[in-house]
Number of protein chains: 2
Amino acid sequence: MRGNLFAVAVDLVVLTVRRHQQRDQLCVLLVRRGERPFESHWALPGGFVQADEDLGDTAARELAAQTGAATQGAVQGHLEQLAGYAAPDRDPRGRVLSMGYLPDLPDLPDPEAGAAFLPVEDVYGLAFDHDRILADGVERARAKLEYTTLAAAFCPAEFTVTDLRRVYEAVWRTEIDPRNFQRKVTSTPGFLIPTATRVTGGRGRPPQLFRRGPATALHPPMLREPIPVPV
Amino acid sequence: MRGNLFAVAVDLVVLTVRRHQQRDQLCVLLVRRGERPFESHWALPGGFVQADEDLGDTAARELAAQTGAATQGAVQGHLEQLAGYAAPDRDPRGRVLSMGYLPDLPDLPDPEAGAAFLPVEDVYGLAFDHDRILADGVERARAKLEYTTLAAAFCPAEFTVTDLRRVYEAVWRTEIDPRNFQRKVTSTPGFLIPTATRVTGGRGRPPQLFRRGPATALHPPMLREPIPVPV
DNA sequence: CCAAAAGTGTTGTTCGTACACCCATGT
DNA sequence: ACATGGGTGTACGAACAACACTTTTGG
(Lines give C-alpha, C1' and ligand atoms only; values in the text may rest on other atoms or scores of the structure.)
Protein backbone atom coordinates (compact mmCIF):
# COMPACT_ATOMS: atom_id res chain seq x y z
CA MET A 1 0.00 0.00 0.00
CA ARG A 2 1.65 3.17 -1.22
CA GLY A 3 1.43 6.59 0.37
CA ASN A 4 2.59 8.11 3.61
CA LEU A 5 1.19 7.26 6.98
CA PHE A 6 -0.75 9.81 9.00
CA ALA A 7 -1.94 10.15 12.52
CA VAL A 8 -5.63 11.06 12.37
CA ALA A 9 -7.16 13.43 14.87
CA VAL A 10 -10.58 14.95 15.47
CA ASP A 11 -10.97 18.57 16.55
CA LEU A 12 -14.22 19.94 17.92
CA VAL A 13 -15.72 23.36 17.28
CA VAL A 14 -18.02 23.59 20.31
CA LEU A 15 -20.05 26.76 20.01
CA THR A 16 -22.41 28.44 22.41
CA VAL A 17 -23.87 31.88 22.99
CA ARG A 18 -22.83 33.57 26.22
CA ARG A 19 -23.12 36.99 27.71
CA HIS A 20 -19.71 38.70 27.47
CA GLN A 21 -18.88 42.38 27.82
CA GLN A 22 -22.55 43.31 28.15
CA ARG A 23 -23.71 41.60 25.00
CA ASP A 24 -24.54 38.13 23.74
CA GLN A 25 -21.61 36.73 21.82
CA LEU A 26 -20.86 33.56 19.97
CA CYS A 27 -18.23 31.72 22.00
CA VAL A 28 -16.10 28.67 21.34
CA LEU A 29 -14.78 26.11 23.78
CA LEU A 30 -10.98 26.24 23.92
CA VAL A 31 -8.45 24.32 25.99
CA ARG A 32 -5.00 25.39 27.05
CA ARG A 33 -2.43 22.95 25.74
CA GLY A 34 -0.33 21.35 28.47
CA GLU A 35 2.31 19.87 26.21
CA ARG A 36 4.45 20.65 23.21
CA PRO A 37 4.06 21.72 20.50
CA PHE A 38 2.20 24.98 21.13
CA GLU A 39 2.44 24.43 24.89
CA SER A 40 0.18 26.84 26.80
CA HIS A 41 -1.48 28.05 23.60
CA TRP A 42 -5.25 27.89 23.23
CA ALA A 43 -6.48 25.09 20.97
CA LEU A 44 -9.70 23.41 19.96
CA PRO A 45 -10.47 20.35 22.07
CA GLY A 46 -9.78 17.10 20.26
CA GLY A 47 -7.74 13.97 20.16
CA PHE A 48 -6.45 11.10 18.08
CA VAL A 49 -8.58 8.36 16.58
CA GLN A 50 -7.92 5.11 18.42
CA ALA A 51 -8.05 1.53 17.20
CA ASP A 52 -11.52 0.36 16.16
CA GLU A 53 -12.90 3.89 16.35
CA ASP A 54 -14.66 5.61 13.49
CA LEU A 55 -14.33 9.40 13.27
CA GLY A 56 -17.71 10.03 14.88
CA ASP A 57 -16.82 7.75 17.79
CA THR A 58 -13.72 9.77 18.50
CA ALA A 59 -15.65 13.03 18.26
CA ALA A 60 -18.32 11.76 20.67
CA ARG A 61 -15.72 10.46 23.11
CA GLU A 62 -13.77 13.72 23.14
CA LEU A 63 -16.94 15.73 23.47
CA ALA A 64 -18.03 13.69 26.47
CA ALA A 65 -14.59 14.07 28.01
CA GLN A 66 -14.65 17.85 27.63
CA THR A 67 -18.23 18.68 28.52
CA GLY A 68 -19.16 16.00 31.01
CA ALA A 69 -20.19 12.45 30.25
CA ALA A 70 -23.81 13.23 31.13
CA THR A 71 -24.51 14.60 27.70
CA GLN A 72 -22.98 11.68 25.87
CA GLY A 73 -26.23 9.90 25.14
CA ALA A 74 -27.88 12.98 23.71
CA VAL A 75 -24.86 13.77 21.63
CA GLN A 76 -24.95 10.77 19.32
CA GLY A 77 -26.18 11.73 15.90
CA HIS A 78 -25.69 15.45 16.46
CA LEU A 79 -22.12 15.65 15.32
CA GLU A 80 -21.57 17.15 11.92
CA GLN A 81 -18.37 16.66 10.01
CA LEU A 82 -16.81 19.90 8.81
CA ALA A 83 -13.78 19.16 6.68
CA GLY A 84 -10.42 17.46 6.65
CA TYR A 85 -7.16 19.37 7.19
CA ALA A 86 -3.91 17.78 6.13
CA ALA A 87 -1.37 20.39 5.05
CA PRO A 88 2.07 18.73 5.15
CA ASP A 89 3.44 21.19 7.72
CA ARG A 90 0.40 21.66 9.92
CA ASP A 91 1.93 19.68 12.80
CA PRO A 92 5.68 19.81 13.52
CA ARG A 93 5.61 16.27 14.94
CA GLY A 94 4.83 14.74 11.55
CA ARG A 95 1.93 14.21 9.21
CA VAL A 96 -1.38 14.59 10.96
CA LEU A 97 -4.78 14.77 9.32
CA SER A 98 -7.44 16.37 11.43
CA MET A 99 -11.18 16.17 10.89
CA GLY A 100 -13.18 19.11 12.17
CA TYR A 101 -16.49 18.34 13.88
CA LEU A 102 -19.35 20.65 14.80
CA PRO A 103 -21.63 19.34 17.57
CA ASP A 104 -25.19 20.66 17.74
CA LEU A 105 -26.06 20.53 21.37
CA PRO A 106 -28.20 22.29 23.93
CA ASP A 107 -26.75 24.86 26.26
CA LEU A 108 -23.61 23.71 27.98
CA PRO A 109 -22.30 23.69 31.54
CA ASP A 110 -19.41 25.92 32.48
CA PRO A 111 -16.07 24.46 31.41
CA GLU A 112 -13.54 22.82 33.67
CA ALA A 113 -10.21 24.28 34.67
CA GLY A 114 -7.87 24.80 31.73
CA ALA A 115 -10.79 25.33 29.39
CA ALA A 116 -12.95 28.35 28.60
CA PHE A 117 -15.60 29.72 26.31
CA LEU A 118 -14.11 32.72 24.52
CA PRO A 119 -15.85 35.03 22.03
CA VAL A 120 -14.94 33.90 18.53
CA GLU A 121 -14.27 37.49 17.50
CA ASP A 122 -11.45 37.81 20.01
CA VAL A 123 -9.81 34.49 19.16
CA TYR A 124 -6.58 34.57 17.18
CA GLY A 125 -3.37 32.58 17.24
CA LEU A 126 -4.73 29.18 18.14
CA ALA A 127 -2.41 26.18 17.98
CA PHE A 128 -1.80 24.43 14.64
CA ASP A 129 -4.30 25.53 11.96
CA HIS A 130 -7.14 25.74 14.45
CA ASP A 131 -7.90 29.34 13.48
CA ARG A 132 -8.93 28.01 10.10
CA ILE A 133 -10.93 25.10 11.50
CA LEU A 134 -12.72 27.48 13.83
CA ALA A 135 -13.54 29.84 10.97
CA ASP A 136 -15.00 26.96 8.96
CA GLY A 137 -17.04 25.80 11.94
CA VAL A 138 -18.42 29.26 12.59
CA GLU A 139 -19.36 29.69 8.96
CA ARG A 140 -21.09 26.32 8.94
CA ALA A 141 -23.03 27.17 12.09
CA ARG A 142 -24.09 30.48 10.54
CA ALA A 143 -25.33 28.68 7.48
CA LYS A 144 -27.19 26.09 9.54
CA LEU A 145 -29.17 28.75 11.35
CA GLU A 146 -30.71 29.61 8.00
CA TYR A 147 -32.33 26.32 7.23
CA THR A 148 -32.39 24.33 10.49
CA THR A 149 -33.70 24.82 14.00
CA LEU A 150 -30.15 24.74 15.38
CA ALA A 151 -30.57 28.14 17.03
CA ALA A 152 -32.95 26.65 19.59
CA ALA A 153 -30.12 24.34 20.71
CA PHE A 154 -28.16 27.42 21.82
CA CYS A 155 -30.95 28.36 24.22
CA PRO A 156 -31.75 26.93 27.65
CA ALA A 157 -34.48 24.31 27.93
CA GLU A 158 -37.14 27.01 28.23
CA PHE A 159 -36.72 30.28 26.40
CA THR A 160 -38.55 33.22 24.92
CA VAL A 161 -38.74 34.32 21.30
CA THR A 162 -36.45 37.18 22.22
CA ASP A 163 -33.85 34.75 23.60
CA LEU A 164 -33.97 32.93 20.30
CA ARG A 165 -33.68 36.12 18.31
CA ARG A 166 -30.64 37.16 20.29
CA VAL A 167 -28.97 33.90 19.27
CA TYR A 168 -29.47 34.75 15.62
CA GLU A 169 -28.26 38.28 16.16
CA ALA A 170 -25.19 37.14 18.08
CA VAL A 171 -24.19 34.47 15.56
CA TRP A 172 -24.90 36.55 12.47
CA ARG A 173 -23.85 39.92 13.93
CA THR A 174 -27.00 41.52 12.53
CA GLU A 175 -30.19 43.06 13.80
CA ILE A 176 -33.49 41.37 13.11
CA ASP A 177 -36.94 42.96 13.26
CA PRO A 178 -38.46 41.49 16.45
CA ARG A 179 -42.00 41.55 15.09
CA ASN A 180 -41.38 39.72 11.83
CA PHE A 181 -39.07 37.31 13.61
CA GLN A 182 -41.81 36.51 16.08
CA ARG A 183 -44.27 35.63 13.36
CA LYS A 184 -41.74 33.61 11.42
CA VAL A 185 -40.65 31.32 14.24
CA THR A 186 -44.03 30.88 15.89
CA SER A 187 -45.66 30.00 12.58
CA THR A 188 -43.12 27.30 11.71
CA PRO A 189 -44.76 24.04 12.82
CA GLY A 190 -42.72 22.02 15.28
CA PHE A 191 -40.09 24.68 15.93
CA LEU A 192 -41.39 26.01 19.24
CA ILE A 193 -43.72 24.42 21.77
CA PRO A 194 -45.45 26.91 24.08
CA THR A 195 -45.39 26.17 27.79
CA ALA A 196 -47.96 27.19 30.36
CA THR A 197 -45.62 29.44 32.25
CA ARG A 198 -44.70 33.01 31.56
CA VAL A 199 -41.77 35.06 32.71
CA THR A 200 -42.33 37.65 35.41
CA GLY A 201 -40.13 40.37 36.78
CA GLY A 202 -39.11 41.96 33.50
CA ARG A 203 -39.92 45.46 32.46
CA GLY A 204 -42.58 45.04 29.78
CA ARG A 205 -45.30 42.59 28.96
CA PRO A 206 -44.35 39.10 30.22
CA PRO A 207 -43.30 36.93 27.28
CA GLN A 208 -44.45 33.41 26.44
CA LEU A 209 -41.99 30.62 27.26
CA PHE A 210 -41.24 27.89 24.72
CA ARG A 211 -39.45 24.57 24.55
CA ARG A 212 -37.63 23.11 21.53
CA GLY A 213 -40.02 21.34 19.17
CA PRO A 214 -39.36 18.24 17.07
CA ALA A 215 -38.75 20.09 13.79
CA THR A 216 -35.19 20.16 12.53
CA ALA A 217 -35.64 21.87 9.15
CA LEU A 218 -36.85 25.40 8.45
CA HIS A 219 -39.09 25.76 5.40
CA PRO A 220 -38.83 28.39 4.07
CA PRO A 221 -35.41 29.26 5.51
CA MET A 222 -34.58 32.24 7.66
CA LEU A 223 -32.98 34.94 5.54
CA ARG A 224 -29.62 36.28 6.62
CA GLU A 225 -29.38 39.49 4.62
CA PRO A 226 -31.97 41.96 3.32
CA ILE A 227 -31.74 40.15 -0.02
CA PRO A 228 -28.56 40.92 -1.99
CA VAL A 229 -30.44 42.45 -4.92
CA PRO A 230 -28.70 41.42 -8.19
CA VAL A 231 -29.84 44.73 -9.81
CA MET B 1 2.11 10.98 19.50
CA ARG B 2 -0.69 8.61 20.40
CA GLY B 3 -3.24 7.07 18.04
CA ASN B 4 -3.14 4.64 15.19
CA LEU B 5 -1.53 5.34 11.87
CA PHE B 6 -3.61 5.61 8.71
CA ALA B 7 -2.97 5.64 5.02
CA VAL B 8 -4.85 8.62 3.59
CA ALA B 9 -6.48 8.46 0.18
CA VAL B 10 -8.54 10.78 -1.99
CA ASP B 11 -11.49 9.48 -4.03
CA LEU B 12 -13.09 11.53 -6.79
CA VAL B 13 -16.77 11.73 -7.65
CA VAL B 14 -16.51 12.92 -11.26
CA LEU B 15 -20.00 13.60 -12.56
CA THR B 16 -21.25 14.45 -16.02
CA VAL B 17 -24.50 14.28 -17.95
CA ARG B 18 -24.52 11.87 -20.90
CA ARG B 19 -27.10 10.43 -23.24
CA HIS B 20 -27.77 6.82 -22.16
CA GLN B 21 -30.68 4.60 -23.12
CA GLN B 22 -32.39 7.41 -25.02
CA ARG B 23 -32.33 9.90 -22.21
CA ASP B 24 -29.95 12.28 -20.49
CA GLN B 25 -28.63 10.73 -17.32
CA LEU B 26 -26.27 11.75 -14.57
CA CYS B 27 -23.18 9.58 -14.94
CA VAL B 28 -20.13 9.02 -12.78
CA LEU B 29 -16.58 8.18 -13.82
CA LEU B 30 -15.62 4.71 -12.58
CA VAL B 31 -12.47 2.66 -13.02
CA ARG B 32 -12.12 -1.09 -12.98
CA ARG B 33 -9.70 -2.13 -10.24
CA GLY B 34 -6.69 -4.08 -11.50
CA GLU B 35 -5.50 -5.29 -8.13
CA ARG B 36 -6.70 -6.70 -4.87
CA PRO B 37 -8.72 -6.08 -2.86
CA PHE B 38 -11.91 -5.81 -4.94
CA GLU B 39 -9.97 -6.80 -8.07
CA SER B 40 -12.05 -6.19 -11.23
CA HIS B 41 -14.76 -4.34 -9.28
CA TRP B 42 -15.78 -0.84 -10.29
CA ALA B 43 -14.46 1.90 -8.01
CA LEU B 44 -14.21 5.66 -7.85
CA PRO B 45 -10.92 6.97 -9.24
CA GLY B 46 -8.51 8.02 -6.52
CA GLY B 47 -5.19 7.42 -4.90
CA PHE B 48 -3.03 7.88 -1.84
CA VAL B 49 -1.71 11.19 -0.58
CA GLN B 50 2.03 11.36 -1.15
CA ALA B 51 4.74 13.10 0.83
CA ASP B 52 4.48 16.90 0.79
CA GLU B 53 1.02 16.78 -0.79
CA ASP B 54 -2.04 18.41 0.69
CA LEU B 55 -5.41 16.76 0.03
CA GLY B 56 -6.30 19.12 -2.78
CA ASP B 57 -2.98 18.46 -4.50
CA THR B 58 -3.68 14.75 -4.53
CA ALA B 59 -7.18 15.30 -5.85
CA ALA B 60 -5.90 17.53 -8.66
CA ARG B 61 -3.16 15.10 -9.56
CA GLU B 62 -5.52 12.13 -9.70
CA LEU B 63 -8.04 14.11 -11.68
CA ALA B 64 -5.43 15.08 -14.25
CA ALA B 65 -4.27 11.47 -14.46
CA GLN B 66 -7.78 10.19 -15.11
CA THR B 67 -9.18 12.84 -17.43
CA GLY B 68 -6.12 14.05 -19.30
CA ALA B 69 -3.53 16.49 -18.08
CA ALA B 70 -4.87 19.20 -20.39
CA THR B 71 -7.57 20.16 -17.94
CA GLN B 72 -5.22 20.39 -14.98
CA GLY B 73 -4.78 24.14 -15.12
CA ALA B 74 -8.50 24.81 -15.22
CA VAL B 75 -9.12 22.36 -12.44
CA GLN B 76 -7.34 24.19 -9.65
CA GLY B 77 -9.79 25.78 -7.28
CA HIS B 78 -12.76 23.78 -8.54
CA LEU B 79 -12.37 20.83 -6.25
CA GLU B 80 -14.80 20.63 -3.40
CA GLN B 81 -14.18 18.46 -0.39
CA LEU B 82 -17.08 16.16 0.43
CA ALA B 83 -16.36 14.27 3.62
CA GLY B 84 -13.93 11.93 5.32
CA TYR B 85 -14.56 8.19 5.54
CA ALA B 86 -12.64 6.15 8.08
CA ALA B 87 -14.67 3.18 9.32
CA PRO B 88 -12.23 0.72 10.91
CA ASP B 89 -13.10 -2.09 8.47
CA ARG B 90 -13.53 -0.12 5.27
CA ASP B 91 -10.31 -1.46 3.76
CA PRO B 92 -9.14 -5.03 4.46
CA ARG B 93 -5.50 -3.98 4.07
CA GLY B 94 -5.56 -1.86 7.20
CA ARG B 95 -6.71 1.51 8.37
CA VAL B 96 -7.35 3.87 5.50
CA LEU B 97 -9.02 7.24 5.69
CA SER B 98 -10.41 8.48 2.41
CA MET B 99 -11.46 12.02 1.59
CA GLY B 100 -14.15 12.37 -1.05
CA TYR B 101 -13.76 15.18 -3.59
CA LEU B 102 -16.26 16.61 -6.06
CA PRO B 103 -14.71 18.43 -9.04
CA ASP B 104 -16.81 21.06 -10.85
CA LEU B 105 -15.59 20.95 -14.40
CA PRO B 106 -16.83 21.52 -17.92
CA ASP B 107 -17.86 18.65 -20.13
CA LEU B 108 -15.33 15.86 -20.22
CA PRO B 109 -13.66 13.78 -22.92
CA ASP B 110 -14.50 10.11 -23.26
CA PRO B 111 -12.68 8.00 -20.69
CA GLU B 112 -9.70 5.78 -21.37
CA ALA B 113 -9.72 1.99 -21.41
CA GLY B 114 -10.63 0.48 -18.06
CA ALA B 115 -12.77 3.49 -17.17
CA ALA B 116 -16.33 4.46 -18.03
CA PHE B 117 -19.12 6.89 -17.31
CA LEU B 118 -22.03 4.88 -15.94
CA PRO B 119 -25.47 6.20 -14.94
CA VAL B 120 -25.50 6.72 -11.19
CA GLU B 121 -28.88 5.04 -10.94
CA ASP B 122 -27.47 1.75 -12.21
CA VAL B 123 -24.40 1.77 -9.99
CA TYR B 124 -24.30 -0.63 -7.06
CA GLY B 125 -21.65 -2.74 -5.43
CA LEU B 126 -18.66 -0.47 -5.87
CA ALA B 127 -15.41 -1.37 -4.11
CA PHE B 128 -14.91 -0.38 -0.46
CA ASP B 129 -17.54 2.11 0.76
CA HIS B 130 -17.58 3.92 -2.56
CA ASP B 131 -21.37 3.50 -2.90
CA ARG B 132 -21.68 5.78 0.09
CA ILE B 133 -19.12 8.30 -1.16
CA LEU B 134 -20.88 8.39 -4.52
CA ALA B 135 -24.25 8.96 -2.86
CA ASP B 136 -22.81 11.85 -0.86
CA GLY B 137 -21.25 13.34 -3.99
CA VAL B 138 -24.48 13.09 -5.97
CA GLU B 139 -26.44 14.69 -3.18
CA ARG B 140 -23.91 17.53 -2.94
CA ALA B 141 -24.06 18.11 -6.69
CA ARG B 142 -27.87 18.19 -6.56
CA ALA B 143 -27.74 20.76 -3.81
CA LYS B 144 -25.19 22.87 -5.67
CA LEU B 145 -27.44 23.16 -8.71
CA GLU B 146 -29.86 25.06 -6.53
CA TYR B 147 -27.66 27.95 -5.57
CA THR B 148 -24.73 27.93 -8.00
CA THR B 149 -24.24 28.01 -11.76
CA LEU B 150 -22.67 24.53 -11.66
CA ALA B 151 -25.22 23.19 -14.15
CA ALA B 152 -23.61 25.20 -16.95
CA ALA B 153 -20.37 23.28 -16.32
CA PHE B 154 -22.15 20.09 -17.35
CA CYS B 155 -22.90 21.58 -20.78
CA PRO B 156 -20.58 21.95 -23.79
CA ALA B 157 -18.91 25.31 -24.37
CA GLU B 158 -21.94 26.57 -26.32
CA PHE B 159 -25.38 25.41 -25.37
CA THR B 160 -29.05 26.30 -25.46
CA VAL B 161 -31.41 26.99 -22.59
CA THR B 162 -33.00 23.63 -23.31
CA ASP B 163 -29.62 21.90 -22.96
CA LEU B 164 -29.21 23.55 -19.58
CA ARG B 165 -32.72 22.58 -18.51
CA ARG B 166 -32.07 18.96 -19.43
CA VAL B 167 -29.08 19.00 -17.06
CA TYR B 168 -31.30 20.05 -14.19
CA GLU B 169 -33.92 17.47 -15.14
CA ALA B 170 -31.35 14.69 -15.42
CA VAL B 171 -29.62 15.49 -12.13
CA TRP B 172 -32.80 16.11 -10.16
CA ARG B 173 -34.98 13.53 -11.94
CA THR B 174 -37.77 16.06 -12.25
CA GLU B 175 -39.56 17.98 -14.96
CA ILE B 176 -39.22 21.74 -15.13
CA ASP B 177 -41.52 24.15 -16.94
CA PRO B 178 -39.48 25.25 -19.98
CA ARG B 179 -41.03 28.71 -20.07
CA ASN B 180 -40.42 29.70 -16.47
CA PHE B 181 -36.98 28.12 -16.61
CA GLN B 182 -36.11 30.22 -19.64
CA ARG B 183 -37.01 33.43 -17.87
CA LYS B 184 -35.24 32.44 -14.69
CA VAL B 185 -31.86 31.62 -16.22
CA THR B 186 -31.79 34.38 -18.83
CA SER B 187 -32.68 37.01 -16.25
CA THR B 188 -29.91 35.99 -13.83
CA PRO B 189 -27.06 38.42 -14.59
CA GLY B 190 -23.79 36.76 -15.54
CA PHE B 191 -25.19 33.25 -15.80
CA LEU B 192 -25.51 33.03 -19.60
CA ILE B 193 -23.80 35.06 -22.32
CA PRO B 194 -25.65 35.06 -25.66
CA THR B 195 -23.61 34.32 -28.77
CA ALA B 196 -24.29 35.58 -32.27
CA THR B 197 -24.97 32.15 -33.68
CA ARG B 198 -28.14 30.15 -33.63
CA VAL B 199 -28.75 26.47 -34.09
CA THR B 200 -30.25 25.33 -37.37
CA GLY B 201 -31.61 22.00 -38.51
CA GLY B 202 -33.93 21.31 -35.57
CA ARG B 203 -37.65 20.93 -35.81
CA GLY B 204 -38.97 24.16 -34.34
CA ARG B 205 -37.79 27.71 -33.96
CA PRO B 206 -33.99 27.86 -33.81
CA PRO B 207 -32.81 28.51 -30.25
CA GLN B 208 -30.29 31.06 -29.05
CA LEU B 209 -26.83 29.75 -28.17
CA PHE B 210 -25.13 30.77 -24.94
CA ARG B 211 -21.76 30.51 -23.24
CA ARG B 212 -21.06 30.21 -19.51
CA GLY B 213 -21.01 33.61 -17.85
CA PRO B 214 -18.85 34.76 -14.93
CA ALA B 215 -21.53 34.34 -12.24
CA THR B 216 -21.05 31.48 -9.81
CA ALA B 217 -23.93 32.08 -7.40
CA LEU B 218 -27.64 31.99 -8.11
CA HIS B 219 -29.70 34.63 -6.28
CA PRO B 220 -32.43 33.72 -5.66
CA PRO B 221 -31.76 29.98 -5.93
CA MET B 222 -33.39 27.57 -8.33
CA LEU B 223 -36.15 25.68 -6.54
CA ARG B 224 -35.99 21.91 -6.59
CA GLU B 225 -39.47 20.94 -5.52
CA PRO B 226 -42.84 22.65 -5.78
CA ILE B 227 -42.23 23.84 -2.22
CA PRO B 228 -42.66 21.08 0.41
CA VAL B 229 -45.57 22.76 2.16
CA PRO B 230 -45.29 22.03 5.92
CA VAL B 231 -49.11 22.35 6.34
C1' DC C 1 -51.03 24.85 -43.62
C1' DC C 2 -49.57 22.27 -39.56
C1' DA C 3 -46.55 20.46 -36.01
C1' DA C 4 -42.90 21.52 -33.01
C1' DA C 5 -39.85 23.99 -30.35
C1' DA C 6 -38.45 28.82 -28.64
C1' DG C 7 -39.70 32.54 -26.29
C1' DT C 8 -43.16 36.41 -24.05
C1' DG C 9 -47.19 38.22 -21.32
C1' DT C 10 -50.36 37.85 -17.63
C1' DT C 11 -52.51 36.44 -13.41
C1' DG C 12 -52.83 34.59 -8.85
C1' DT C 13 -50.35 33.21 -4.68
C1' DT C 14 -46.79 32.98 -1.34
C1' DC C 15 -43.65 35.10 1.49
C1' DG C 16 -40.64 38.79 3.19
C1' DT C 17 -40.15 43.75 4.70
C1' DA C 18 -41.62 47.77 6.84
C1' DC C 19 -44.13 49.83 10.05
C1' DA C 20 -48.53 51.24 12.49
C1' DC C 21 -50.71 49.64 16.25
C1' DC C 22 -52.44 47.16 20.49
C1' DC C 23 -51.25 44.46 25.03
C1' DA C 24 -49.51 43.79 29.73
C1' DT C 25 -46.52 44.68 33.11
C1' DG C 26 -43.10 47.56 36.51
C1' DT C 27 -42.18 52.03 38.39
C1' DA D 1 -49.48 57.93 33.62
C1' DC D 2 -45.84 56.29 30.97
C1' DA D 3 -41.92 53.74 29.58
C1' DT D 4 -40.68 49.14 28.11
C1' DG D 5 -40.78 45.16 25.85
C1' DG D 6 -44.28 41.41 23.85
C1' DG D 7 -47.16 40.54 20.21
C1' DT D 8 -50.79 41.41 15.95
C1' DG D 9 -52.57 43.62 11.60
C1' DT D 10 -51.80 45.32 7.17
C1' DA D 11 -49.84 47.27 2.88
C1' DC D 12 -46.39 46.84 -0.54
C1' DG D 13 -43.11 44.33 -3.41
C1' DA D 14 -40.30 40.32 -5.18
C1' DA D 15 -40.43 35.96 -7.09
C1' DC D 16 -42.55 31.73 -8.46
C1' DA D 17 -46.28 28.54 -10.67
C1' DA D 18 -49.49 28.06 -14.15
C1' DC D 19 -50.78 28.71 -18.58
C1' DA D 20 -52.46 31.45 -22.70
C1' DC D 21 -50.23 33.19 -26.42
C1' DT D 22 -46.85 34.65 -30.16
C1' DT D 23 -42.66 33.59 -33.02
C1' DT D 24 -39.93 30.90 -36.25
C1' DT D 25 -38.51 27.15 -38.27
C1' DG D 26 -39.13 22.18 -41.02
C1' DG D 27 -42.17 19.14 -43.52
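A, B, ... follow the sequence lines: proteins, then strands. Residue 1 opens every chain.
- To the nearest angstrom, C1' of D/dG6 lies 15 Å from CG of A/L164.
- In this structure, A/K184 reaches the C/dG16 phosphate: one of its side-chain N or O atoms is under 4.0 Å from OP1 or OP2.
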* Step by step, would you call A/F181 with A/Y168 a ring pair (Phe, Tyr, Trp, His ring centres under 6.0 Å)? -> CA-CA 10 Å; A/F181 182 84; A/Y168 277 93; 5.5 Å; yes

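- Non-hydrogen atoms lying under 4.0 Å from DNA chain C are contributed by B/T162, all within residues 149-163 of chain B.
- The side chain of B/R203 places an N or O atom within less than 4.0 Å of a non-bridging phosphate oxygen (OP1 or OP2) of C/dA5.
- For A/L223 and D/dA14, the CG to P distance is 15 Å, given to the nearest whole Å.
- Each salt bridge (charged side-chain N to carboxylate O under 4.0 Å, His left out) pair with one or both residues in residues 11-22 of chain A, not counting sequence neighbours, appears once here: A/R18-A/D110, A/R19-A/D24.
- Every residue was checked against the salt bridge (Lys or Arg N to Asp or Glu O under 4.0 Å) condition with B/D54, not counting sequence neighbours, and none meets it.
- A/E80 is linked by a salt bridge (Lys or Arg N to Asp or Glu O under 4.0 Å) to A/R140, A/K144, counting only residues two or more places apart in sequence or in another chain.
- Looking at residues two or more places apart in sequence or on another chain, you find no salt bridge (Lys or Arg N to Asp or Glu O under 4.0 Å) involving A/K184.
- Atoms CZ (A/R183) and C1' (D/dA11) sit 12 Å apart, rounded to a whole Å.
- With rounding to whole Å, B/Q208 atom CD is found 14 Å from D/dT23 atom C1'.
- B/Q21 and B/Q25 share a side-chain donor-acceptor pair at under 3.5 Å.
- The distance between atom CG of B/N180 and atom P of C/dT11, rounded to the nearest whole Å, is 15 Å.
- The distance between atom CG of B/L209 and atom C1' of C/dA6, rounded to the nearest whole Å, is 13 Å.
- The residue among B/D177 and A/R179 whose nearest nucleotide of DNA chain D lies closer to the 5′ end is A/R179.
- Nucleotide C/dT8 holds its P atom 14 Å from the CZ atom of B/F181, rounded to whole Å.
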Can you give the donor-acceptor pairs under 3.5 Å from side chains of residues 113-123 of chain A to other protein atoms, not counting sequence neighbours?
unit_1	atom_1	unit_2	atom_2	d
A/E121	OE2	A/R173	NE	2.5

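- Atom P of nucleotide D/dA18 and atom CD1 of B/I176 are separated by 12 Å, given to the nearest angstrom.
- Phosphate contact (OP1/OP2 of D/dG7, side-chain N/O of A/R205, threshold under 4.0 Å): absent.
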